[in-house]
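All chains are named by letter (A, B, ...) in the order of the sequence lines, taking the proteins before the strands, and each is independently numbered beginning at 1.
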There are 2 protein chains.
Amino acid sequence: MHFGERIRELRESQGLLQRQLAASLEIDTPMFSKIERGERKAKREQVELLASLLHANLSDLLRIWLADQIIDLVKDEPQASEALKTALKEIKKDEH
Amino acid sequence: MHFGERIRELRESQGLLQRQLAASLEIDTPMFSKIERGERKAKREQVELLASLLHANLSDLLRIWLADQIIDLVKDEPQASEALKTALKEIKKDEH
DNA sequence: TATGACTTGTCAAATTTAGGACAATATAGG
DNA sequence: CCTATATTGTCCTAAATTTGACAAGTCATA
């Protein structure tokens, strides 16, 4: 489940058009279409706006959105999984 | 264990000076110092060079180096851990 | 075939950031 | 002290990335 897919689900389940949400985000429909298809990344502030417009849980959307960024960062690396595990351990260490 | 720390360990265990490695990487010592202290990120090609110069395992260095990038990406996000887990699941899915 | 919804491709502007140079400062050994 | 090593701080700019606008396309359906 990528961020864009989730947005599309929410949008369609609420009978909204890309054009309407695009207007709320002050971008054009092609751009919105690209965000839904994962061709472009949404900005953090757009995630916040979308959560609000779609009555969705912000933390949850942010988690998916951030995961997309991470995947984008490591996607071409053979060590991707291992690096993620390493990073996770470090993060957890810091949380204590 | 951050990338820079690991480099420093390797460098000192081999009795090398920052100045020497910096010259091999064609950067100045302040820059090298910053990389060791994690104030600057090394480039991928520098990681490769360092692995070679320090007779270290490249995959292992890349893993640590990539983990640093990931941490840098998520460090300010409350959802960091959860996003990492989500990303990890996605990556593993792709690997099948 | 006309319309509305969405997609695709390309371009340029704008912003960010990486990466490095350099000067000044600290620190430790001889 | 001197000297060599390493650190710190500031500035610069080349390059990469991001972001958005637009034109033109597809597709479904009335």
Side-chain angles (χ1 to χ4, degrees), chain A residues 2-51 53-54 61-62 64-77 83 87, chain B residues 2-51 53-54 61-62 64-77 83 87:
Chain A
H2 305 284
F3 177 75
E5 300 178 71
R6 182 78 188 108
I7 293 301
R8 174 161 293 179
E9 274 185 4
L10 290 164
R11 176 176 66 85
E12 292 182 341
S13 75
Q14 293 171 49
L16 295 169
L17 299 175
Q18 286 188 348
R19 155 164 66 79
Q20 300 175 296
L21 288 177
S24 299
L25 300 188
E26 297 180 276
I27 58 179
D28 65 3
T29 20
M31 180 77 58
F32 191 88
S33 168
K34 284 167 188 171
I35 290 174
E36 276 195 352
R37 286 172 296 110
E39 191 181 321
R40 292 291 179 94
K41 288 185 263 183
K43 293 198 270 191
R44 201 184 194 288
E45 68 181 50
Q46 292 172 330
V47 179
E48 290 166 12
L49 247 173
L50 285 170
L53 293 165
L54 295 166
L61 276 188
L62 281 174
I64 300 172
W65 169 79
L66 192 54
D68 274 8
Q69 325 277 313
I70 297 168
I71 288 168
D72 193 57
L73 176 65
V74 304
K75 64 177 182 304
D76 296 326
E77 295 286 347
Chain B
H2 304 285
F3 177 73
E5 300 177 70
R6 182 78 188 109
I7 293 301
R8 174 162 292 180
E9 275 185 3
L10 289 163
R11 176 176 67 82
E12 291 182 340
S13 75
Q14 293 169 49
L16 295 168
L17 299 176
Q18 286 188 348
R19 159 164 64 79
Q20 300 175 296
L21 288 178
S24 299
L25 299 188
E26 298 180 274
I27 57 177
D28 65 4
T29 19
M31 179 74 58
F32 191 89
S33 168
K34 284 167 187 171
I35 289 175
E36 276 195 352
R37 286 171 296 110
E39 192 180 320
R40 292 294 178 93
K41 288 184 263 185
K43 291 199 268 191
R44 201 182 195 289
E45 67 181 49
Q46 292 172 330
V47 179
E48 291 166 13
L49 248 173
L50 285 170
L53 293 165
L54 294 167
L61 276 187
L62 280 175
I64 300 172
W65 169 79
L66 192 54
D68 275 7
Q69 325 276 312
I70 297 169
I71 288 167
D72 193 57
L73 176 65
V74 305
K75 61 177 183 305
D76 296 326
E77 295 286 346

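The outermost nucleotides of DNA chain C lying under 4.0 Å from heavy atoms of chain A, listed 5' to 3', are C:dA5 to C:dT10.
Minimum heavy-atom separation, B:A83 to A:A67: O-CB, 3.6 Å.
Distances shorter than 4.0 Å separate none of the side-chain N or O atoms of B:R37 from OP1 or OP2 on D:dA6.
Pairs passing the salt bridge (charged side-chain N to carboxylate O under 4.0 Å, His left out) check and including a residue from residues 41-50 of chain B, sequence neighbours excluded, read A:E77-B:R44, B:K41-B:D72, B:R44-B:E48. Pairs of residues two or more places apart, or lying in two chains, never qualify as salt bridge (charged side-chain N to carboxylate O under 4.0 Å, His left out) while including a residue from residues 12-32 of chain A.
A search for side-chain contact (heavy atoms from CB on, under 4.5 Å) contacts involving A:I27 returns A:A22, A:L25, A:M31, A:F32, A:I35, A:Q46, not counting sequence neighbours. Residues meeting the side-chain hydrogen bond (donor to acceptor under 3.5 Å, both in side chains) test with A:Q18, sequence neighbours left out: A:E36. Contacts of B:L10 classified as side-chain contact (heavy atoms from CB on, under 4.5 Å), with partners at least two apart in sequence or in another chain: B:R6, B:Q14, B:L54, B:A56, B:L61. In this view, B:E39 and B:R37 satisfy the side-chain hydrogen bond (donor to acceptor under 3.5 Å, both in side chains) rule, not counting sequence neighbours.
A distance of 8.5 Å separates CG of A:L73 from CD1 of A:I70, quoted to the nearest 0.5 Å. We find the NZ-CZ distance between A:K34 and A:R40 to be 5.0 Å, quoted to the nearest 0.5 Å.
Without hydrogens or angle criteria, A:W65 side chain to A:V47 main chain gives no donor-acceptor distance under 3.5 Å.
Within the 4.5 Å cutoff, side-chain heavy atoms of A:L50 are placed close to those of A:F3.
Applying a 4.0 Å cut-off to non-hydrogen atoms, none of the residues of residues 5-21 of chain B approaches DNA chain C.
End-to-end axis angle of the helix from C:dT1-D:dA30 to C:dG30-D:dC1, from C1' rotation axes over five pairs per end: 30° (rounded to 10 degrees).
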Nucleotide-resolved protein contact map, nucleotides 19-28 of chain D, B/S/- at heavy-atom distance under 4.0 Å: BBBBB-----
